[in-house]
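Worksheet for the structure shown next.
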Protein chains: 4
Amino acid sequence: MENTLKKPMTGIIPPLVTPLLDNDKLDIDGLERLIERLIKGGVHGLFILGTTGEAQSISYRLRHEMIKETCRINAGRLPVLVCISDTSIVESIHLAHVGAECGASAVVSAPPYYFAPGQPELAEFYEDLIPQLPLPIFLYNMPSHTKVNFAPATIQRIARNPQVVGFKDSSANAVYFQSVMYAMKDRQDFAMLVGPEEITAECVLLGGHGGINGGANMFPELYVDLYHAAVARDMETVSRLQPLVMQISSSIYTVGQHGSSYLKGLKCALSLLGVCDDFVAAPFHRFNVPEREKIRKALEALPFCPELKP
Amino acid sequence: MENTLKKPMTGIIPPLVTPLLDNDKLDIDGLERLIERLIKGGVHGLFILGTTGEAQSISYRLRHEMIKETCRINAGRLPVLVCISDTSIVESIHLAHVGAECGASAVVSAPPYYFAPGQPELAEFYEDLIPQLPLPIFLYNMPSHTKVNFAPATIQRIARNPQVVGFKDSSANAVYFQSVMYAMKDRQDFAMLVGPEEITAECVLLGGHGGINGGANMFPELYVDLYHAAVARDMETVSRLQPLVMQISSSIYTVGQHGSSYLKGLKCALSLLGVCDDFVAAPFHRFNVPEREKIRKALEALPFCPELKP
Amino acid sequence: MENTLKKPMTGIIPPLVTPLLDNDKLDIDGLERLIERLIKGGVHGLFILGTTGEAQSISYRLRHEMIKETCRINAGRLPVLVCISDTSIVESIHLAHVGAECGASAVVSAPPYYFAPGQPELAEFYEDLIPQLPLPIFLYNMPSHTKVNFAPATIQRIARNPQVVGFKDSSANAVYFQSVMYAMKDRQDFAMLVGPEEITAECVLLGGHGGINGGANMFPELYVDLYHAAVARDMETVSRLQPLVMQISSSIYTVGQHGSSYLKGLKCALSLLGVCDDFVAAPFHRFNVPEREKIRKALEALPFCPELKP
Amino acid sequence: MENTLKKPMTGIIPPLVTPLLDNDKLDIDGLERLIERLIKGGVHGLFILGTTGEAQSISYRLRHEMIKETCRINAGRLPVLVCISDTSIVESIHLAHVGAECGASAVVSAPPYYFAPGQPELAEFYEDLIPQLPLPIFLYNMPSHTKVNFAPATIQRIARNPQVVGFKDSSANAVYFQSVMYAMKDRQDFAMLVGPEEITAECVLLGGHGGINGGANMFPELYVDLYHAAVARDMETVSRLQPLVMQISSSIYTVGQHGSSYLKGLKCALSLLGVCDDFVAAPFHRFNVPEREKIRKALEALPFCPELKP
């Protein structure tokens with residue numbers, strides 16, 4: 001079965017957007033198009049209900065539906081990773097069980113994000129949580145949203161439990177990523193994954209295992225090719241593809257005024273590409289026409305851009 | 001009926017702890033003792049499921065139960081304010097409806113706390129949310145947890161809707177509180193409430209309407225008396241009571257190493273006072289014996305401390 | 001002599017702007033007008049080279065000149081407090097000696113602001129510094145600029161040395177101010193002063209000793225009157241004057257887009273009032289005509305505004 | 001002449017510690033040993049008076065002495081870069097002129113670090129400063145200390161002036177570094193240098209030009225070899241050397257409790273290696289015996305450690 005988890009997990013595992021029709025309604029057709037696009041694009045796994053997936057912005061009912069529909073559409077073709085980050089341990093455990101029942105391969109968890117725990121509290125929280133989970137777990141560092149970093153020593157402590165199979169870092173702090181990689185160097189089966197697509201190549205060149213890259217929702221091949229080039233240490237290809245990644249980053253994710261620009265830009269682009277609706281859940285709204293036109297131009301400026309929707 | 005909302009809402013409205021037996025089990029006996037203690041202590045309302053109430057740490061099922069049980073025990077004696085802060089607008093609306101059905105008087109809402117919205121996004125979020133709520137709403141500023149402050153102009157904009165009846169500020173920033181009070185000076189029916197008990201007296205002296213003070217879970221009379229003294233501009237009483245408030249703050253909320261010290265200390269003290277269990281929901285744990293003994297000593301050092309539980 | 005330091009120091013001690021003609025030239029006429037205006041307005045001391053005084057933005061030569069000229073013009077009429085905050089202990093000590101030679105009464109020191117020290121390092125720094133100072137010292141908390149707060153226990157430790165005679169807090173965090181006041185409650189000779197004018201009244205009502213209020217550069221009488229009203233617990237006068245303080249704060253300090261709005265607005269207003277030039281040292285510039293016109297309107301809206309310069 | 005600036009500047013340019021005997025006394029013998037060690041180690045330039053050089057902690061007199069002595073000892077063998085970061089533009093310009101007179105090749109400037117300017121203010125500051133400088137300038141991003149990041153668009157704006165020849169980033173944010181590199185991609189003569197040694201290899205692999213690495217004070221060859229390996233895309237050597245860089249980082253820079261651990265650990269190691277005194281200027285102190293013994297063990301654990309001083 002393809003959905004067995006490789007150890008360490010490697011490759012490009014896109015953090016799927018959650019296609020929506022309104023604040024409580026899944027765009028199931030869009031989700032099907034998205035998943036087929038990703039699988040066709042050669043990605044190595046599907047990561048759902050993360051930050052890009054707006055999990056925190058949607059109801060539990062809808063999160064459960066998203067898990068079920070993703071696993072149904074995927075039909076065992078790729079490992080599915082379900083993000084269970086929550087402020088309530090009870091709800092996190094419940095999400096993990098829904099994932100296991102639907103056939104997901106692993107869960108991913110960022111620290112509770114209302115109270116910011118101290119490092120010993122963070123370790124104890126995961127020591128409480130993990131034995132109650134039916135699946136392997138990846139830790140997820142997202143300090144801009146959770147207000148806390150996993151100290152490298154905390155990761156070492158939590159990862160004494162072999163159920164912990166990897167780490168996703170979205171801090172963008174490369175010194176930190178190197179520190180965690182160095183702290184975990186004796187765990188050959190432990191996946192070191194990075195969130196931001198802008199630095200996946202360099203992290204993989206230095207020994208990281210892959211990227212959970214939002215841009216892969218739009219253009220999975222680009223990120224997959226860059227990943228393979230970095231693994232193969234084919235620096236010529238890296239040097240050719242990295243500027244395209246930066247072009248996307250600096251033209252599609254920066255159209256708005258606020259931190260939500262990335263999410264709004266990504267969903268807007270997916271809509272223009274005909275993949276799914278661009279509805280963004282509260283507290284945000286989709287881009288209006290002027291921003292949408294900027295995104296259109298940014299897409300059209302890409303050398304590999306297909307025909308866009310009107 | 002006493003549970004009709006005064007405009008502006010005034011007085012001491014304690015943010016109730018949520019008495020727990022485990023991560024998903026309410027300590028109903030403890031809740032009854034707590035509510036009777038508060039009503040007997042002269043408080044002016046009951047505020048549930050706030051930060052002190054660990055709402056984010058417990059399941060939705062349990063949040064609903066807490067609303068129902070509080071309203072049942074209160075039996076219309078005091079206005080009940082239900083905090084509906086959530087990252088999902090759908091869940092917030094649902095909580096508000098549960099509150100309305102159970103007889104609560106108002107809801108309270110801090111901004112979504114995973115994504116940090118920009119100011120226009122924040123205003124638009126509340127403009128979306130409020131028409132879907134069955135009760136009046138208080139805005140709740142809690143920047144250390146939500147990563148965003150309501151700009152005074154944003155409050156003005158949101159409060160054009162008369163359903164918005166007040167503001168609770170837990171920033172501790174007194175310049176900010178004065179700025180909001182000044183911005184809202186023409187809305188005589190708009191309640192300006194402050195979170196931290198250490199500054200309730202000064203805020204009320206300068207025109208604020210009351211405090212949502214965690215310490216009132218333990219000693220409601222102290223905070224009620226201080227509030228009345230500030231309203232009456234009885235500075236002698238203020239000067240006598242304020243050091244007691246500071247003694248509690250500096251001896252009971254500072255025993256631990258982390259931001260959770262306040263919550264753990266408060267629940268530990270309530271347990272020693274025989275009010276309710278000291279279980280603290282994940283990601284935290286109750287204090288161990290050495291910290292509990294420090295809390296005991298801190299309580300015993302108070303001039304009005306009753307006999308404590310062993 | 002009037003310039004002997006009262007213990008505790010009380011009242012309104014304005015943080016003087018440093019009137020400038022260019023980045024390295026003092027506006028001496030302006031400084032004379034400013035000091036005469038302040039003394040006539042009834043202030044209780046002169047605080048120079050603080051944040052409002054742009055000390056960090058000007059050369060050491062100019063800082064020394066500012067000390068000398070202020071002491072010359074003051075001619076012993078009021079105590080002069082010289083802020084010696086610096087990143088280099090050697091330069092701080094030098095500034096203190098210049099102050100002592102010119103007849104200043106005390107120095108004021110915020111923590112070094114390039115490296116952010118830990119609390120024990122902060123205590124050790126002051127334990128090194130203070131014995132090398134020829135004058136009494138006030139500690140100055142300015143965390144938005146220095147990236148560090150004095151913990152109340154650190155202040156207690158440093159203030160074991162009786163040369164430490166007070167504390168100025170510009171954090172705006174009223175819980176923190178109360179905590180420090182409570183920690184220092186046994187030191188009757190220790191001045192608890194607050195920076196932001198918006199909260200001087202409430203701090204004084206709760207036992208603080210005065211304010212180091214920038215607005216007093218413009219309208220010393222207003223802040224002096226508010227201070228006296230708060231001392232006298234004349235709540236009617238407090239309630240009448242506090243909104244004027246807030247009107248100034250919200251109309252004169254908020255015209256620009258950046259943190260520099262306070263400083264630019266204050267200097268612009270002083271220029272319109274005919275007190276001194278509005279040159280602001282690098283990295284900033286004075287306001288342009290559109291902002292200047294807004295400041296003019298804000299001043300004209302004040303009930304006590306004199307005729308303005310064209 | 002070797003001290004002519006290559007464009008773009010490339011290689012390892014160590015940020016020299018400032019060897020001190022006390023708060024105001026240079027350890028000139030130590031400085032001579034340090035510079036000879038660095039030149040022998042193959043470094044490509046000398047960067048003085050940066051963060052590692054404790055420039056902000058020492059007097060102007062001593063900063064001038066450090067410039068003069070470094071240039072004297074270097075005797076034109078390598079380009080000398082003088083950091084002129086200051087809160088006062090007048091003092092920055094003065095430092096730059098001292099540098100030019102002594103034969104330095106360029107200056108480096110982080111934003112003024114007391115007031116945090118907005119982006120337009122930051123651009124205007126440099127537009128004021130640069131025409132007054134006698135040497136080419138590198139911009140220096142150090143947000144943890146200056147509280148401000150150069151936005152990529154701000155760098156583009158400032159660098160329209162060809163006197164701006166490069167950028168040093170110490171943010172550790174690799175997404176940011178990629179963004180700046182992408183924004184400056186058309187300026188082939190513009191050096192993109194990175195501060196943290198832990199990420200120099202990856203930055204150079206992705207097109208960066210070199211590192212301003214503190215560890216090179218101790219072991220210049222290691223960082224020079226890693227740099228050359230990254231330039232040559234010799235991934236085998238990169239993979240062999242990078243863990244040594246991480247071993248130093250995680251064992252020598254993390255012995256203390258505070259942010260000063262890096263500086264204290266580095267100076268302590270240099271003392272054990274017989275290079276210079278370990279005096280650290282106020283607000284810090286050198287490590288005591290227990291920490292020194294930890295540093296000794298960390299050094300002895302390195303495969304290339306020479307005999308240490310007792």
Side-chain angles (χ1 to χ4, degrees), chain A residues 143-144 149 151-153 156 169-186 194-208 211 213-214 226 229-251 253-254 262, chain D residues 143-144 149 151-153 156 169-186 194-208 211 213-214 226 229-251 253-254 262:
Chain A
S144 62
N149 261 299
Q156 284 182 316
D169 180 30
S170 290
S171 72
N173 185 319
V175 173
Y176 172 79
F177 188 79
Q178 286 294 318
S179 300
V180 176
M181 205 151 65
Y182 185 71
M184 299 303 296
K185 64 183 182 301
D186 297 331
V194 70
E197 58 211 55
E198 297 87 348
I199 59 175
T200 296
E202 67 192 84
C203 288
V204 170
L205 283 167
L206 270 280
N213 299 158
L226 180 56
V231 169
R233 296 170 170 187
D234 168 0
M235 295 305 297
E236 199 178 320
T237 304
V238 168
S239 301
R240 185 170 50 80
L241 300 182
Q242 176 71 10
L244 295 171
V245 168
M246 294 312 301
Q247 184 176 345
I248 290 169
S249 172
S250 56
S251 64
Y253 302 160
T254 57
Y262 156 73
Chain D
S144 62
N149 261 299
Q156 283 182 316
D169 180 31
S170 289
S171 73
N173 186 320
V175 173
Y176 172 79
F177 188 80
Q178 285 294 318
S179 301
V180 177
M181 205 150 64
Y182 184 71
M184 299 303 296
K185 64 183 181 302
D186 297 331
V194 70
E197 58 211 54
E198 298 86 348
I199 60 174
T200 296
E202 68 192 86
C203 288
V204 170
L205 282 166
L206 270 280
N213 300 158
L226 181 56
V231 169
R233 295 173 169 182
D234 168 1
M235 294 304 297
E236 199 179 322
T237 303
V238 168
S239 300
R240 184 169 51 79
L241 300 183
Q242 176 71 11
L244 294 171
V245 167
M246 293 312 302
Q247 184 176 345
I248 289 169
S249 171
S250 56
S251 65
Y253 302 159
T254 58
Y262 157 73

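Naming: A, B, ... by sequence-line order, numbering from 1 per chain. For clarity, every value in this text was computed on a predicted model and none was experimentally measured.
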TODO: Check whether any side-chain heavy atom of D:I199 lies under 4.5 Å from a side-chain heavy atom of A:L206, and answer yes or no.
DONE: no

TODO: With a 4.5 angstrom heavy-atom cut-off, could you sort out which part of A:S179 is near chain D: side chain, backbone, both or neither?
DONE: both

Open item on the list: Under 4.5 Å from any heavy atom of chain A, what part of D:S250 do you find: side chain, backbone, both or neither?
Closed with: side chain

TODO: Look up atom NZ in A:K185 and atom CE in D:M246, then write down how far apart they are to the nearest 0.5 Å.
DONE: 9.5 Å

Task: Leading residue by heavy atom contact count with chain A [cutoff under 4.5 Å; candidates D:E198, D:Q247, D:E202, D:E197] - done: D:E202

Open item on the list: Quick check for you: to the nearest 0.5 Å, what is the distance between A:L244 atom CG and D:Y182 atom OH?
Closed with: 8.0 Å

Open item on the list: Please give me the minimum heavy-atom distance between D:R233 and A:E236, naming the atom from each residue.
Closed with: NH1-N, 4.4 Å

Task: Top contributor to chain D interface from A:S249, A:P196, A:P243, A:C203 [non-hydrogen pairs under 4.5 Å] - done: A:P243

Task: Contacting region of D:Q178 [heavy-atom separation from chain A under 4.5 Å] - done: both

